[in-house]
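Below: the structure, in structure tokens.
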Amino acid sequence: MKAYAPVYHILVLAGLGACNGDGGKDTTDDTDTGATATTAVEAVCTEPTELTCVDEIISDLSLHDDLVADSAEVSDRVAGDDFVTTIDATAGGFGNETANPWVYVKFTPEGAQRVDIDDETALDSMEWHLAARRFVLRLNGGSSGPSCVGAAAFIEQSYEDLTEVPDDVNYVYDDFYSGDCTLINDASGLDGSPQVALGPWWDYPGCVETTDVPFLVQLEDGHVIKLRVEQYYTEQDSCNNDGFPSGTSGMFKIRWTFLR
């Protein structure tokens, strides 16, 4: 079982602009059982680390200090041992993302919880694990935040077959700034499309296709979840099977569970 550092894919503008829908605040589970973090583990980090490229990330990723995505829906349902979380990262629709804040999420034994925090405050906070806006998923670590949340992509494994945490797993952090704080874009070539650890969740054969690549994500407290992005469009099959974007874009559906 081998973990891989992120692989980035070519993305062009056309497929990112499927129609936008409204998101509401509604966090629910549909059963009383689900994934839990049961194993005692050692924390990876307990104190925030000061970021070195604060001014640059605020500018490059259009971060806000006066807006909170408190109307964006983050909701859960339980499917067997997994949580399936829907995150409204539509950010006002295609082309409007820079005027809207990121959605911040924390993974807990009770499910994913939205963290109502503005973008600039999030740069000093360990209270969130994942931030979403349009097609970009950031983790709280490395270039993205002051914590130590990292991920490993298992490109040769399926989500179902990834049942334990390997001893030699290599977690990587979001890494999108050079030593002089120049933004490192992913292979899409788009401005504001940073090199992030969860990059391999998508491919672009003509629209934003989900790859089904599973990840292990290590949280700051040492617990580990496995995660797979299953939806970017509300009609994802139209893209994956036919090559055409359809439905609302930026409506993530993420399947995840604690492995440690």
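No path of Ile, Leu, Val, Met, Phe, Trp and Tyr side chains, each step under 4.5 Å between heavy atoms, connects Tyr159 with Ile225, placing them in separate hydrophobic clusters. In the hydrophobic clustering of ILVMFWY residues, with side-chain heavy atoms under 4.5 Å counting as a link, Phe244 and Tyr204 come out apart. Taken together through direct or relayed side-chain contacts under 4.5 Å among Ile, Leu, Val, Met, Phe, Trp and Tyr, Ile57 and Met126 form parts of separate hydrophobic clusters. Leu67 and Val115 are not part of a single hydrophobic cluster, where members link through side-chain heavy atoms under 4.5 Å apart. Leu123 and Val105 fall within a single hydrophobic cluster, where Ile, Leu, Val, Met, Phe, Trp and Tyr are joined by side-chain heavy atoms under 4.5 Å apart, directly or via other members.
In this structure a side-chain-to-backbone donor-acceptor pair under 3.5 Å is missing from Trp201 to Thr210. With Gln157 contributing its side chain and Pro214 its backbone, the two residues share no donor-acceptor pair below 3.5 Å. At distances below 3.5 Å, not a single donor-acceptor pair connects side-chain atoms of Thr90 with backbone N or O atoms of Gly93. In this structure a side-chain-to-backbone donor-acceptor pair under 3.5 Å is missing from Asp82 to Val78.
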- Message: Go through it in stages, so that I can follow the logic: the residues are Val224 and Tyr171, the test is side-chain contact (heavy atoms from CB on, under 4.5 Å), and I'd like the CA-CA distance, side-chain angles, deciding distance and then a yes or no.
- Response: CA-CA 11 Å; Val224 176; Tyr171 299 103; 3.5 Å; yes
- Verdict with supporting geometry, Lys106 and Glu127, side-chain contact (heavy atoms from CB on, under 4.5 Å): CA-CA 7 Å; Lys106 185 179 184 70; Glu127 291 304 309; 4.3 Å; yes
- Message: Could you go through Thr211 and Trp202, starting from their C-alpha distance and side-chain angles, then the distance that decides it, and tell me whether this counts as side-chain hydrogen bond (donor to acceptor under 3.5 Å, both in side chains)?
- Response: CA-CA 5 Å; Thr211 61; Trp202 58 269; over 6 Å; no
- Take Asp70 and Arg114 through the side-chain contact (heavy atoms from CB on, under 4.5 Å) test and state the conclusion after the steps. CA-CA 8 Å; Asp70 54 6; Arg114 191 184 65 215; 4.3 Å; yes
- Is there a side-chain contact (heavy atoms from CB on, under 4.5 Å) between Asp186 and Val196 once you walk through the steps? CA-CA 8 Å; Asp186 61 19; Val196 293; 5.8 Å; no
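Separating the CG atom in Asn240 from the SG atom in Cys207 is a distance of 7.0 Å, to the nearest 0.5 Å. With values rounded to the nearest 0.5 angstrom, Leu216 atom CG is found 6.0 Å from Leu259 atom CG. The line from CD of Gln195 to CG of Leu183 is 9.5 Å long, rounded to the nearest 0.5 Å. In this structure, CD1 on Ile254 lies 4.0 Å from CD1 on Ile87, to the nearest 0.5 angstrom. Distance check, rounded to the nearest 0.5 Å: CG of Leu198 to CG of Leu137 gives 6.0 Å. Rounded to the nearest 0.5 angstrom, Ser143 OG and Tyr173 OH are separated by 12.0 Å.
Judged by the 6.0 Å distance and 45° axis criteria, Arg138 is positioned over the aromatic ring of Trp102. Both the sub-6.0 Å distance and the 45° axial angle are not jointly satisfied by Lys226 relative to the ring of Phe215.
In this structure, Arg133 and Ala91 approach most closely via the heavy-atom pair CG-CB, 3.5 Å. The heavy-atom pair separating Ala197 from Val172 by the smallest distance is CB-O, 3.7 Å. In this structure, Gly247 and Thr234 approach most closely via the heavy-atom pair CA-OG1, 3.3 Å. Of all heavy-atom pairs spanning Ala79 and Val84, the tightest one is CB-CG2, 4.1 Å. Of all heavy-atom pairs between Asp221 and Val41, the closest is O-CG2, 3.2 Å. Ser246 and Glu235 make their closest contact through OG-OE1, 2.7 Å (heavy atoms, listed as atom of the first residue, atom of the second, distance).
Between Ile184 and Thr182 the shortest side-chain heavy-atom distance does not fall below 4.5 Å. Contact check for Phe176 versus Leu61: side-chain heavy atoms found under the 4.5 Å cut-off. Looking only at side-chain heavy atoms (C-beta outward), Glu120 and His64 stay at 4.5 Å or farther from each other. Using a 4.5 Å heavy-atom cutoff, the side chains of Tyr177 and Glu56 are in contact.
In this model, no donor atom of one side chain and acceptor atom of the other lie less than 3.5 Å apart for Asn140 and Ser147.
Remark: aromatic rings of Phe252 and Tyr232 are close, center separation under 6.0 Å.
Using cut-offs of 30° and 60° for the angle between ring planes, the Phe107 and His129 rings count as parallel.
The existence of a salt bridge linking Glu160 and Arg255 is excluded, since no basic side-chain nitrogen approaches an acidic carboxylate oxygen closer than 4.0 Å.
Considering Asp118, Asp119, Asp124 in turn, Asp118 is the only one that fulfils the side-chain hydrogen bond (donor to acceptor under 3.5 Å, both in side chains) rule with Thr121.
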